[in-house]
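First the proteins, then the strands, lettered A, B, ... as listed; each starts at 1. Everything quoted here is computed from the prediction, not taken from an experiment.
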2 protein chains.
Amino acid sequence: MHSMACGRLSSTPILNRSKIVPASAGMMASCNERRTGARQEAAGNHMAASVKDVAALAGVSVGTVSNVMNRPEKVSIAVAARVQTAIDQLGFVRNDAARQLRAGRSSTIGLVVLDVRNPFFTDLARGAEDRAAADGFSVILGNSDEKADREATYLDLFEVQRMHGVLISPFGDITERLRRLRERGIPAVLVDRTSADASFSSVSVDDIAGGALAVGHLLAQGRRRIAFIGGPLEIQQVSDRLDGARTAVATHPDATLEVIPIDGLTVIAGRTAGTDLVGRAPTDRPDAVFAANDLVAMGVLQALMMQGADVRVPGQIALIGYDDIDFASAAVVPLSSIRQPSALIGRTAVEILLEEAADSTLAPRQVVFQPELVVRESTL
Amino acid sequence: MHSMACGRLSSTPILNRSKIVPASAGMMASCNERRTGARQEAAGNHMAASVKDVAALAGVSVGTVSNVMNRPEKVSIAVAARVQTAIDQLGFVRNDAARQLRAGRSSTIGLVVLDVRNPFFTDLARGAEDRAAADGFSVILGNSDEKADREATYLDLFEVQRMHGVLISPFGDITERLRRLRERGIPAVLVDRTSADASFSSVSVDDIAGGALAVGHLLAQGRRRIAFIGGPLEIQQVSDRLDGARTAVATHPDATLEVIPIDGLTVIAGRTAGTDLVGRAPTDRPDAVFAANDLVAMGVLQALMMQGADVRVPGQIALIGYDDIDFASAAVVPLSSIRQPSALIGRTAVEILLEEAADSTLAPRQVVFQPELVVRESTL
DNA sequence: TCCTGATCTTAAAACGATTCAATCGACCTC
DNA sequence: GAGGTCGATTGAATCGTTTTAAGATCAGGA
């Protein structure tokens with residue numbers, strides 16, 4: 001491990017069938033290393049100062065130094081000032097490991113999300129961080145990437161670190177694992193998912209309401225021949241959104257709902273379904289499409305707007321997505337969508353977590369937020 | 001903090017001018033809370049077991065228990081088995097705070113990235129995690145979101161946690177801050193950026209080469225009237241890519257480079273520039289476009305492929321982007337792009353970091369990787 | 001003067017894992 | 001059987017902070 005030579009490391013594997021040509025032929029990822037002659041000032045490492053050093057410099061006891069930092073009201077202003085000066089002078093920074101050891105647990109909250117690239121989760125994380133910071137807690141973020149082993153690795157890490165608590169959008173069934181954490185004094189709150197047996201608190205969004213909201217909007221715009229494009233239906237979120245769509249359609253006697261299943265929530269799958277619509281006789285087409293998420297919606301939009309396709313959005317077909325990702329507003333025709341209150345979910349989850357961490361006898365709670373409709377050009 | 005009432009929390013602020021309609025009128029984000037009657041099994045919290053408990057149960061000393069976990073070769077098989085049984089039986093999990101306190105520093109590496117939504121950084125993080133795990137280290141991820149205060153908050157956290165080391169794609173000029181960390185024994189390695197005065201190791205990608213690679217490919221495809229769309233040029237990455245483009249064009253006496261500046265690397269800006277091209281007389285149009293990144297390229301593509309526009313890609317205009325984001329391959333016309341070896345950067349950075357953590361006298365190194373060309377339909 | 005509080009400060013005992021010098025056996029050799 | 005060697009095991013010291021009971025100092029009232 002100590003002899004990393006330039007170019008010895010293997011390159012990233014190629015992920016698809018595209019032709020790849022490295023910049024300098026012969027090496028997948030060649031590298032160029034430069035070493036500066038300057039070396040670090042020898043032994044600048046003057047052993048990080050401890051409370052003991054601060055106490056000595058300020059001429060007080062270590063207990064007083066601790067009080068200055070944690071309960072300033074217990075110490076006279078004169079002494080506090082003297083200690084503060086010493087702290088600044090030595091550049092003292094508290095050793096959190098020692099603090100945690102004494103405290104019995106960390107003042108950090110662990111958050112594991114399914115996909116850190118998804119703006120929903122980053123916004124959620126932001127909300128959690130903000131709320132945690134207000135009470136002096138930090139949040140560290142783990143990305144399970146929908147892989148059980150990665151999820152487990154993070155939970156292990158959080159356990160040895162004796163985290164204050166854990167927020168998680170679970171991938172598999174991990175209630176057993178979470179139960180064990182709770183026995184150790186580490187509470188957990190589920191985000192974006194509900195706990196099957198309600199044994200853990202959760203904060204989630206009502207996807208059924210979201211589906212009803214989307215289709216209700218299409219109906220309110222005068223559309224009647226609705227198509228739902230999404231799948232696979234095994235995904236809870238997808239089937240919930242479809243259920244919502246059904247309930248909305250049921251309120252209009254003359255409205256119909258066509259379900260067009262696809263095999264994944266991707267742009268490509270959406271485009272395929274969209275191309276299919278383009279190929280139909282105009283009278284056979286729906287006059288509105290509800291896509292299970294924004295990626296699918298963008299695929300559909302691409303197909304409809306393609307050169308040669310004679311379908312106008314929203315003229316002939318109104319289109320609405322779900323999730324309100326950044327790209328939704330940057331689409332050729334800005335996309336209407338359903339937005340989830342991501343940051344609010346994060347904030348609320350932290351709030352509940354902190355309460356449970358403070359009082360482990362609290363009964364679990366299930367909080368369900370309602371999504372919001374974002375109207376843009378694609379449904380006007 | 002102990003009395004969170006449903007609905008008391010304020011909703012997320014609205015980010016753009018879109019019309020927003022909440023699902024249930026009157027509340028921006030209404031919520032629905034359910035409380036289960038069941039309460040936690042009283043006092044299941046049987047105080048987490050410590051080495052002492054394990055030692056007692058196994059009938060050995062604490063030192064031996066520690067040896068079983070950290071230097072199994074120093075302990076007889078019989079005793080090791082006995083201790084392991086005790087560990088399993090008690091569900092013992094090491095308290096990392098105590099371990100760290102004794103060790104003097106954490107076995108965790110901190111990583112701060114500019115934008116956690118950017119696949120480049122998540123791939124980089126993945127590479128870093130994998131490499132770190134191989135040596136028994138963990139990586140925790142912080143998202144500075146290009147905000148100096150968030151960046152500073154993470155560095156503070158890493159300092160009190162006495163991290164083993166820090167990887168960072170810096171936002172502002174933080175060499176002073178990093179120098180302080182280094183004095184405390186926490187080395188830092190810059191990723192995706194080079195250190196101005198070479199006082200820190202860095203692992204980055206050669207954007208000039210990337211620009212040359214992109215345009216070289218266009219020229220090799222027989223294109224001669226190249227346009228570069230990107231901006232603002234103050235961004236180092238943008239101007240480097242443009243410089244690379246210039247050097248490539250200079251190798252062909254009959255090739256020309258038109259620079260079309262835009263005010264941001266967004267889909268919208270790209271579409272505006274693209275619409276401009278569509279408006280030109282066909283003979284005034286370039287026959288190839290190099291967009292400063294994939295978002296811009298997608299905007300350009302949208303404009304060119306729009307209903308009514310009579311421009312074919314790659315027929316009339318070849319198009320290449322930069323970064324190879326997921327969307328690039330899912331575009332209407334799959335987009336050629338320049339890929340950076342993200343995971344490799346992460347791996348290498350960890351490798352260097354671990355070396356420097358082991359030997360603080362090592363001179364800083366600058367490693368520069370070469371990007372790769374990914375050819376798809378848009379340039380064929 | 002002495003006592004009573006009030007206020008501020010101290011010293012020592014935790015917290016839990018690691019480490020290292022010391023000890024203990026067991027076995028071998030002379 | 002004494003001395004030596006080697007491996008396995010022990011136990012006390014250690015890391016840096018927080019906490020707490022006890023101590024010190026001072027002011028004011030009896």
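Residue contacts shown for A:Val65 are absent, as no nucleic acid heavy atom lies under 4.0 Å away. Backbone-only engagement by B:Val75 is indicated by non-hydrogen atom pairs under 4.0 Å involving sugar-phosphate atoms exclusively.
Comparing B:Ala103 and B:Arg82 by the nucleotide of DNA chain D whose heavy atom lies nearest to each, the residue mapping closer to the 5' end is B:Arg82.
Atom NZ in A:Lys52 sits roughly 9 Å away from atom C1' in D:dC15 (whole-Å rounding). Atom NZ in A:Lys74 sits roughly 11 Å away from atom C1' in C:dA6 (whole-Å rounding). Straight-line distance from the CG atom of B:Asn67 to the C1' atom of C:dA17: 12 Å, rounded to whole Å. Separating the CG atom of A:Asp96 from the C1' atom of D:dC15 is a distance of 14 Å, rounded to the nearest angstrom. Look at CE on A:Met69: it is 11 Å from P on D:dT19, rounded to the nearest Å. In this structure, the CG atom of A:Leu90 is 15 Å from the C1' atom of D:dG16, given to the nearest Å. In this structure, A:Leu101 places its CG atom 12 Å from C1' of C:dT18, rounding to the nearest Å. The separation between A:Gln100 atom CD and D:dC15 atom P is 19 Å, rounded to whole Å.
Remark: A:Arg162 is not in phosphate contact with C:dC15, judged by side-chain N or O atoms under 4.0 Å from OP1 or OP2. At the phosphate of D:dT9, neither OP1 nor OP2 sits under 4.0 Å from any side-chain N or O atom of B:Thr64. Under 4.0 angstrom from either OP1 or OP2 of D:dG7 there lies no side-chain N or O belonging to B:Ser76. Side-chain N/O atoms of B:Asn70 include one lying less than 4.0 angstrom from OP1 or OP2 on C:dT18. A close approach under 4.0 Å does occur between a side-chain nitrogen or oxygen of B:Arg71 and OP1 or OP2 of C:dT19. Taking 4.0 angstrom as the limit, A:Ser50 places none of its side-chain polar atoms (N or O) nearer than this to OP1 or OP2 of D:dG16. In terms of phosphate contacts, A:Arg99 brings a side-chain nitrogen or oxygen within less than 4.0 Å of OP1 or OP2 of D:dT18.
At least one side-chain heavy atom of A:Arg126 sits under 4.5 Å from a side-chain heavy atom of B:Asn143. The closest side-chain heavy-atom distance from A:Asp192 to A:Val113 is not below 4.5 Å.
A distance-only check finds no donor-acceptor pair linking the side chain of B:Asp145 to the backbone of B:Lys147 [under 3.5 Å].
For D:dT14, its base sits under 3.5 Å from the side chain of B:Arg102 at one donor and acceptor pair at least.
The side chain of B:Ser61 sits closest to D:dT10 out of D:dT10, C:dT18, C:dG16.
Across A:Glu159, A:Glu183, A:Glu151, a single residue satisfies salt bridge (charged side-chain N to carboxylate O under 4.0 Å, His left out) together with A:Arg177, and that is A:Glu159.
Ion pairing between B:Arg99 and B:Asp96 holds under the 4.0 Å rule for side-chain N and carboxylate O.
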